[in-house]
Asks: 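What follows is a single structure, and I will ask about it in a moment.
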Amino acid sequence: MMASVAETLSNLKTYAPNYKDQGYEIAGFVWFQGYNDKFSDHATSTYQENMANFIRDVRKDLKSPMLPFVIGAMRHNGKAQKGTTKILADAQIATAQMPEFKGNVITVKTADFWDYDAEKAFKNKKEDADTLAKLGSNKGYHYFGSAAFFEKTGTAFAEAIVDLGE
């Protein structure tokens, strides 16, 4: 990941054709991951510790010790979450509440954006493929590919970065 960031930053004119060597600022970092960690007892039980170390490492690598950091808390199945998925989401929330991260790390709880219409369409895709095509494009672990989910989630991530940067 950091190699990709370094490559992008060293080739800004390629990725942003209007870039004119005016410099740049990394204003924040968003992390929205964790689903596969639920399949490992070790990854699940050490998620908070690993997430905290990840934040520290990213900040060190980017030479930005207070870089605003947003963690997108997984919320598959909306607010009806349970099992290892809930354990991971709770660890994501707890990481942001650690004293060293107060005021510079926040968790966005994505359950608020779960697309119940896309979920219903996915369950009925054999009978009504057209509705799923309009609402989503994928499985639940990818939030059904719901544009509504990702628009709300992305907006919440951006607002959180702005809030942390103030």
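Just so you know, these numbers come straight off a predicted model, no measurement behind them.
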Asks: In terms of hydrophobic clusters joined by side-chain contacts under 4.5 Å, are Val108 and Val162 together?
Replies: no
Asks: Determine whether Tyr15 and Glu7 make a side-chain contact, defined as any pair of heavy atoms from C-beta on separated by less than 4.5 Å.
Replies: yes
Asks: Rounded at 0.5 Å granularity, tell me how far CD1 in Ile55 sits from OG1 in Thr95.
Replies: 6.0 Å
Asks: Check the orientation of Trp114 and Tyr116. Use parallel for under 30°, tilted for 30 to 60°, and perpendicular for over 60°.
Replies: perpendicular
Asks: Which atom pair, heavy atoms only, marks the closest approach of Pro68 to Leu164?
Replies: CB-CB, 3.7 Å
Asks: Ignoring hydrogens and geometry, is there a side-chain-to-backbone donor-acceptor pair from Thr107 to Gln92 under 3.5 Å?
Replies: yes
Asks: Of all heavy-atom pairs between Ala121 and Leu135, which one has the smallest distance, and what is that distance?
Replies: CB-CD1, 4.1 Å
Asks: To the closest 0.5 Å, what do you measure between CE (Met2) and CG (Asp61)?
Replies: 4.5 Å
Asks: Looking at every non-hydrogen atom in both residues, tell me the closest pair between Leu132 and Ala118 and how far apart they are.
Replies: CD1-O, 4.2 Å
Asks: For side-chain contact (heavy atoms from CB on, under 4.5 Å), just list the numbers for Thr131 and Asn124, CA-CA rounded to whole Å, side-chain angles, deciding distance to a tenth of an Å, and then say yes or no.
Replies: CA-CA 9 Å; Thr131 299; Asn124 296 323; over 6 Å; no
Asks: Counting only N and O atoms by type, is there a donor-acceptor contact under 3.5 Å from the side chain of Tyr143 to the main-chain atoms of Ala147?
Replies: no
Asks: Got a second to check how far Met66's CE is from Phe101's CZ, nearest 0.5 Å?
Replies: 9.5 Å
Asks: Taking the side chain as every heavy atom from C-beta outward, state whether Phe122 and Glu119 have any pair of such atoms under 4.5 Å apart.
Replies: no
Asks: Hydrophobic cluster membership, with links at side-chain heavy-atom distances under 4.5 Å among I/L/V/M/F/W/Y: are Val58 and Tyr24 in one?
Replies: yes
Asks: How long is the gap from CD1 on Ile93 to CD1 on Ile106, to the nearest 0.5 Å?
Replies: 11.0 Å
Asks: Just how far is it from atom CZ of Arg56 to atom CG of Leu67, taken to the nearest 0.5 Å?
Replies: 14.5 Å
Asks: Looking just at side-chain N and O atoms, do Thr155 and Glu151 make a donor-acceptor pair shorter than 3.5 Å?
Replies: yes
Asks: Is the closest side-chain heavy-atom distance between Lys38 and Ile87 below 4.5 Å?
Replies: no
Asks: Would you mind checking if Lys86 and Asp90 are paired as a salt bridge, meaning a charged N to carboxylate O distance below 4.0 Å?
Replies: yes
Asks: Is Gln22 reaching over with its side chain to a backbone N or O of Lys20, donor-acceptor style, under 3.5 angstrom?
Replies: yes
Asks: Is there a donor-acceptor pair under 3.5 Å between the side chain of Thr110 and the backbone N or O of Ala73?
Replies: yes
Asks: What's the separation between atom CD in Gln33 and atom CE in Met74, rounded to the nearest 0.5 Å?
Replies: 8.0 Å
Asks: Begin from the C-alpha positions of Phe32 and Phe157 and carry the test ring-ring contact (aromatic ring centres under 6.0 Å, His included) through to its verdict.
Replies: CA-CA 10 Å; Phe32 189 37; Phe157 290 165; 5.4 Å; yes
Asks: Determine whether a donor-acceptor pair (N or O, by modelled atom type, separation under 3.5 Å) exists between the side chain of Thr44 and the backbone of Asp37.
Replies: yes
Asks: Taking all non-hydrogen atoms of both residues, which atom of Ala148 and which atom of Asp115 are closest, and how far apart?
Replies: CB-OD2, 3.7 Å
Asks: Starting from Met1, can I reach Phe69 by hopping between I/L/V/M/F/W/Y residues whose side chains sit under 4.5 Å apart?
Replies: yes
